[in-house]
Amino acid sequence: MEERRVYLDNSATTVVDTEVIKEMQPYFSDVYGNASSFYYFGREAKIALENARAKIAALLNASPEEIFFTGCGTESDNIAIFGILNAYKRKGHIITSKIEHHAVLYSCRHLEKIGYEVTYLNVGKGGVISVKDFKKAVKDNTLLVTIMHANNEVGSIQPIEEIAVELKKINEKRKDKIYFHTDAVQTAGKLHLDVKKLMVDLLAMSAHKFNGPKGVGVLYVKKGTNILPITFGGHHEKGLRPGTENIPYIVGFAKAFEISNAKIEEHNKHILALKEKLRKGILDTIPEVIINGSDGRAISNILNVSFNYIEGEALLLMLDIKGIAVSTGSACASGSSGPSHVLSAMGVDSVAAQGAIRFSFGCHNTQKDVDYVLEVLPKVVDSLRSMSPVWKQKIFENR
Ligand SMILES: *Cc1c(COP(=O)(O)O)cnc(C)c1O
């Protein structure tokens with residue numbers, strides 16, 4: 001029997017597009033110079049670096065001087081947060097949300113340890129913060145606001161533009177500007193990002209979430225932003241991110257970003273159809289399931305489902321045996337104990353939070369993938385529930 005493998009964890013990472021690999025290849029073997037060297041090899045690498053920067057800038061409606069290459073999305077978030085605070089040279093208050101990726105959440109927890117004050121905004125049932133709550137949270141000593149664009153566990157899109165509008169009004173009446181950072185790792189390549197419309201000062205992205213290589217990120221920093229580096233070395237990336245630029249990966253970032261942006265509508269249509277098919281199939285065949293997150297304001301590729309009376313980890317392992325890759329919460333959270341901080345913040349009860357699974361689609365998934373999941377999943381859920389005393393009791397009572 002042929003072994004089937006279905007990858008439904010595209011929010012954790014994606015396959016690198018073959019066109020992207022082709023674009024990167026020469027920069028490993030032919031154009032391998034250091035972009036800081038003045039001879040021919042270096043100049044060629046420098047041209048590739050600046051072409052990539054210009055391409056990305058154009059797609060974001062930014063200028064090339066506002067694009068900084070980093071080692072990953074996590075690093076972009078860290079440079080944004082600690083870089084702004086380094087430039088302030090004094091302690092103060094930060095506003096974030098309870099549902100941030102660990103790259104931001106753990107940065108904020110660290111800031112609390114070193115004397116900063118942090119407000120973690122609540123979310124509603126749909127996983128979205130309220131602009132009213134945000135306005136109430138602003139203090140005289142607020143220095144920075146960091147709110148993700150879309151959440152990586154449930155896909156909920158946060159009201160970034162609305163917050164930016166409020167922040168602009170607040171900033172007009174202050175001497176010190178409150179800076180606004182957004183972690184856009186889950187929306188880059190999935191929504192058309194326009195930094196002028198979003199009105200943010202800093203925006204983080206990572207190539208491996210949109211069919212680019214792992215280990216390369218971008219930080220957009222608006223012109224005039226007062227930011228200092230958090231690591232020190234050479235003059236690369238205007239000293240904000242010292243270290244020899246990874247030209248093949250940077251070229252790969254630009255190519256993957258270009259392709260995914262050109263195909264946003266096509267991919268979203270394809271992915272949304274698959275997600276709807278899976279959602280409907282699950283609701284039709286499996287009792288006691290809850291769909292987590294809002295439909296209205298969400299990216300199209302994430303379906304987060306709670307299977308009551310089951311441990312999400314157990315379901316993940318059983319699906320893995322059948323060749324299906326999914327995740328519980330985020331990949332970064334697996335291995336850590338306790339229910340997802342995102343589902344807890346959304347008020348999902350602990351039974352449902354324990355049984356949550358994230359299916360995340362990519363452009364390479366097919367109808368056949370969903371058919372296979374719908375063939376396997378009900379049986380697996382059934383067999384796991386048959387081992388649950390709580391479930392057996394429930395069946396017994398309902399007889
Ligand atoms: C994946 C992810 C990150 C981390 O990006 P890396 O490139 O893996 O460091 C940060 N934020 C969000 C929302 C993510 O989904």
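Ligands are counted one by one from 1 in listed order, and the atoms in each one are counted from 1 as well.
For the pairing with Glu162, the salt bridge (Lys or Arg N to Asp or Glu O under 4.0 Å) check across Arg297, Lys168, Lys132, Lys135 returns one residue only, Arg297.
Taking every non-hydrogen atom of Val185 and a distance limit under 4.0 Å, the qualifying atoms of ligand 1 come out as 1 (C), 2 (C), 3 (C), 10 (C), 11 (N), 12 (C), 14 (C), 15 (O). Each of the atoms 1 (C), 2 (C), 3 (C), 14 (C), 15 (O) of ligand 1 lies under 4.0 Å from some heavy atom of Lys209. If you number the atoms of ligand 1 from 1 as listed, the ones under 4.0 Å from a heavy atom of Ser206 come out as 6 (P), 7 (O).
A donor-acceptor contact under 3.5 angstrom links the side chains of Thr70 and Ser76, judged on distance only.
No part of Lys214 comes within 4.0 Å of ligand 1, judged by heavy-atom distances. Here His208 has side-chain heavy atoms under 4.0 Å from ligand 1, and that is the only part of it that gets that close.
Aromatic ring centres of Phe210 and Phe257 lie closer together than 6.0 Å.
For Asn152, no nitrogen or oxygen atom sits less than 3.5 Å from a nitrogen or oxygen atom of ligand 1, counting backbone and side chain alike. Checking only distances, Ala150 never comes within under 3.5 Å of ligand 1, N or O to N or O. Residue Ser11 has no N or O atom closer than 3.5 Å to an N or O atom of ligand 1.
The CG atom of Leu85 sits 5.5 Å away from atom CG of Leu144, with the distance rounded to the nearest 0.5 Å.
Two residues are said to be in side-chain contact when any heavy atoms from C-beta on lie closer than 4.5 Å; Lys209 and Thr14 fail this criterion. Counting heavy atoms from C-beta on, the side chains of Leu203 and Leu219 never come closer than 4.5 Å.
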